[in-house]
Amino acid sequence: MKDCLFCKIIAGEIPSSKVYEDERVLAFRDIDPKAPVHVLVIPKKHAASVLQLSDGEYEIAAHILRVMCQLSKELGLEGGFRIVTNTGPDGGQSVDHLHFHLLGGRAMGWPPG
């Protein structure tokens, strides 16, 4: 998608603070962190949200979860962390590209806000 912020980051048109990349996903630090560790993990193939995944595409969510578990160890989140994906305007989604937040480095309250 030519107007998608995250697609532009994937294409290298917009810089990011990359922490992980493979052929299917990119992980980078959030520019407005809500915790000491706040990393976004996004699929390289555009999908607006989890609702846009087709039956054959759900495996990307499992891959993202594996990457986030790996990153949690590498980033020192042994005490715990939170994984969030916002879907749609009422869910707080601000960029229409599927993305997951990995948050940690402090105690997380509930409800999240």
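Only this structure's heavy atoms are used, side chains among them; waters, hydrogens and symmetry mates stay out. What you are looking at is a predicted structure, and each value in this text was computed from that prediction instead of being measured.
- Defined by atom type and a distance below 3.5 Å, a donor-acceptor pair is present between the side-chain atoms of Glu57 and Ser54.
- Note that CG of Leu26 is 5.5 Å distant from OG of Ser16, once rounded to the nearest 0.5 Å.
- The shortest distance between side-chain heavy atoms of Gln70 and Tyr20 falls below 4.5 Å.
- Between Arg66 and Glu59 there is a salt bridge, since at least one side-chain N of the basic residue sits less than 4.0 Å from a carboxylate O of the acidic one.
- In this structure, the separation between CG on Leu5 and CD1 on Ile42 is 8.5 Å, given to the nearest 0.5 Å.
- Residues His99 and Leu40 come closest through the heavy atom pair CD2-CD2, 4.1 Å.
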task: Kindly indicate, with the supporting measurements, whether the criterion side-chain contact (heavy atoms from CB on, under 4.5 Å) is fulfilled by Leu98 and Leu53.
output: CA-CA 9 Å; Leu98 177 62; Leu53 295 175; 4.1 Å; yes

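- Distance alone, capped at 3.5 Å, is enough to place a donor-acceptor pair between the Gln93 side chain and the Ala48 backbone.
- Here the CD1 atom belonging to Ile64 is positioned 12.0 Å from the SG atom belonging to Cys69, to the nearest 0.5 angstrom.
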message: I'd like to know whether Lys45 forms a side-chain contact (heavy atoms from CB on, under 4.5 Å) with Ile60, so could you lay out the CA-CA distance, the side-chain angles of the two residues, the decisive distance to 0.1 Å, and finally the verdict.
response: CA-CA 9 Å; Lys45 181 180 178 189; Ile60 191 64; over 6 Å; no

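- Separating the OG atom in Ser49 from the CG atom in Asn86 is a distance of 11.0 Å, to the nearest 0.5 Å.
- When each of Thr85, Val41, Asp30, Val39 is paired with His101, the side chain to side chain contact (heavy atoms under 4.5 Å, CB included) condition holds for Asp30 and for no other.
- In this structure, Met68 CE and Leu75 CG are separated by 10.5 Å, a value rounded to the nearest 0.5 Å.
- Among all heavy-atom pairs drawn from Gly104 and Ala35, the shortest one is O-CB, 3.5 Å.
- Its side chain within the 4.5 Å cluster rule, Val84 clusters with Leu103, Met108 among the Ile, Leu, Val, Met, Phe, Trp and Tyr residues.
- Every ring pair (Phe, Tyr, Trp, His ring centres under 6.0 Å) that Phe28 has, sequence neighbours left out, goes to Phe6.
- Distance CG/Leu77 to CZ/Arg82: 13.0 Å, rounded to 0.5 Å.
- Counting only residues at least two apart or in different chains, ring-ring contact (aromatic ring centres under 6.0 Å, His included) contacts with residues 42-86 comprise His46-His97.
- Closest non-hydrogen pair, Pro36 versus Gly105, comes out as CG-O, 3.5 Å.
- Here the shortest heavy-atom pairing between Asp22 and Lys44 reads O-NZ, 2.7 Å.
- Grouping the Ile, Leu, Val, Met, Phe, Trp and Tyr side chains by contacts below 4.5 angstrom, directly or via other members, places Val19 with Val67.
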